[in-house]
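Input: a single structure, listed below in structure tokens.
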Amino acid sequence: MAQDGQRPAVTMRDLEELARRKEAVEEQLKACYELLDSQKGVGLSGPLVDAEGYPRDDIDLYQVRTARHNIICLQNDHKALMKQVEEALQQLHAREKEKHARDEAEAQAEAMGHKQSLPQAFARVNAVTPGSPASISGLQVDDEIVEFGSVNINNFQNLQNIATVLQHSQGSTLSVTVIRGGKKVYMGLTPKRWAGEGLLG
């Protein structure tokens, strides 16, 4: 229900109904003009009396007067309908614009919320040697490290912290959490001796 003084929101069905009514009025106007044409082409302003001032007897005066009167009324109806169609289109367009803006704002808010809910990383992976324990565990270049065993943003000081964890965890699986493409990814990493340098690669 619309509140007092407020018009109900226009729907596509309303617009279709207005267009249908406009077409009906145009059909009636066409019929009236055709009738005037059939009466010796008298049109809207042709004289209805002869040269001596008597009513013309070569046309149906009643039909001509009725058609002329109807044309004036129908033209007014047509003008009013065109105004309604224009207003309805504007309203629908404005509503579509509002909806688009609202959807965009919601998507942005969701993206912001998602970003805020991600934990802070303390290091970024800049290289992974193929065939290394790091590579086998699924670690990728540009992964942002959030947790590396017991190391996280709160206790990380330098890369020596990670080296210490690696030495103490040789042969054991470490729980590693990274941010990849805006999402948290969990993996198990087992530091061990391999063909390359270090326990990780």
Practice problem: Please report the C-alpha distance between Gln84 and Arg21 in whole Å, then the side-chain angles of each, then the deciding distance to 0.1 Å, and finally whether the side-chain contact (heavy atoms from CB on, under 4.5 Å) criterion is met. | Solution: CA-CA 11 Å; Gln84 281 179 273; Arg21 281 165 57 194; 4.3 Å; yes
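- Nearest approach of Met12 to Leu92, heavy atoms of both residues: SD-CD1, 3.6 Å.
- Ion pair Arg13/Glu17 not flagged as a salt bridge, since none of the NZ, NE, NH1 or NH2 atoms sits closer than 4.0 Å to an Asp/Glu carboxylate oxygen.
- Side chain of Arg68 to backbone of Gly43: a donor-acceptor contact under 3.5 angstrom is found.
- In this structure the side chain of Val185 reaches within 4.5 angstrom of the side chain of Arg180, judged on heavy atoms.
- Across Asn161, Ile145, Val146, a single residue satisfies side-chain contact (heavy atoms from CB on, under 4.5 Å) together with Val151, and that is Asn161.
- In this structure, the side chains of Met187 and Leu139 come closer than 4.5 Å at one or more pairs of heavy atoms.
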Practice problem: Would you check, one step at a time, whether the test side-chain contact (heavy atoms from CB on, under 4.5 Å) holds for Val176 with Val178? | Solution: CA-CA 7 Å; Val176 178; Val178 301; 4.0 Å; yes
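- Salt-bridge check for Glu27 with Lys30: failed, with every basic side-chain N at 4.0 Å or more from each acidic carboxylate O.
- Rounded to the nearest 0.5 angstrom, Asp143 CG and Arg124 CZ are separated by 9.5 Å.
- To the nearest 0.5 angstrom, Glu147 atom CD is 8.5 Å from Phe122 atom CZ.
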Exercise. Walk me through it: do Leu166 and Phe148 pass the test side-chain contact (heavy atoms from CB on, under 4.5 Å)?
Key: CA-CA 9 Å; Leu166 284 171; Phe148 195 94; 3.9 Å; yes
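- Looking only at side-chain heavy atoms (C-beta outward), Thr190 and Pro133 stay at 4.5 Å or farther from each other.
- Counting only distance, with no hydrogens or angles, the side chain of Asp103 and the backbone of His100 share no donor-acceptor pair below 3.5 Å.
- Leu74 and Cys32 get closest at one heavy-atom pair: CD1-SG, 4.2 Å.
- With hydrophobic clusters built from ILVMFWY side chains whose heavy atoms lie under 4.5 angstrom apart, Val25 shares a cluster with Leu44.
- A side-chain donor-acceptor contact under 3.5 Å links Gln39 to the backbone of Asp60.
- A pairwise comparison of heavy atoms in Leu15 and Val85 identifies CD1-O, 4.0 Å as the closest pair.
- In the hydrophobic cluster analysis, where Ile, Leu, Val, Met, Phe, Trp and Tyr join through side-chain heavy atoms closer than 4.5 angstrom, Leu159 is grouped together with Leu174.
- Ionic pairing of Arg56 and Asp50 is not present here: no N-O contact between side-chain nitrogen and carboxylate oxygen is shorter than 4.0 angstrom.
- Pro130 approaches Trp194 most closely through the heavy-atom pair O-CZ3, 4.4 Å.
- Within the 3.5 Å criterion, the main-chain N or O of Val10 finds a donor-acceptor partner in the side chain of Gln91.
- Val42 and Tyr62 sit in two unconnected hydrophobic clusters of ILVMFWY residues. Membership requires side-chain heavy atoms under 4.5 Å apart, directly or through other members.
- Shown here is Glu96, whose CD atom has no more than 12 heavy atoms of other residues, nucleotides or ligands within 6.0 Å.
- For the pair Gln140/Val125, no side-chain contact is recorded, criterion being any heavy-atom separation below 4.5 Å from C-beta on.
- For the atom pair OG1 (Thr66) and CD1 (Ile71), the distance works out to 11.0 Å, reported to the nearest 0.5 Å.
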Quiz item: Taking it one step at a time, do Asp58 and Lys40 satisfy side-chain contact (heavy atoms from CB on, under 4.5 Å)?
Solution: CA-CA 8 Å; Asp58 61 335; Lys40 308 280 184 188; 3.8 Å; yes
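- In this structure, His69 contributes its side chain and Arg65 its backbone to no donor-acceptor pair below 3.5 Å.
- Minimum interatomic distance between Leu18 and Ala88 (heavy atoms only, all atoms of both residues): CD1-CB, 4.1 Å.
- The hydrophobic clustering, which links ILVMFWY residues whose side-chain heavy atoms are closer than 4.5 Å, places Phe156 and Ile153 together.
- Summarising the geometry, atom CG belonging to Asp142 is positioned 13.0 Å from atom CD1 belonging to Ile179; distances are rounded to the nearest 0.5 Å.
- Here Ser132 contributes atom OG and Lys192 contributes atom NZ; the two are 10.0 Å apart, rounded to the nearest 0.5 Å.
- Taking 4.0 Å as the cut-off between side-chain N and carboxylate O, Glu26 and Lys22 count as a salt-bridged pair.
- Hydrophobic clustering keeps Tyr186 apart from Val165 (ILVMFWY residues linked when any side-chain heavy atoms are closer than 4.5 Å, directly or through intermediates).
- Here the NZ-CZ distance, from Lys99 to Arg102, works out to 7.5 Å after rounding to the nearest 0.5 Å.
- Residues Ser169 and Pro191 share a closest heavy-atom pair of O-CD, 3.6 Å.
- The side-chain heavy atoms of Thr11 and Asp14, taken from C-beta on, include a pair separated by under 4.5 Å.
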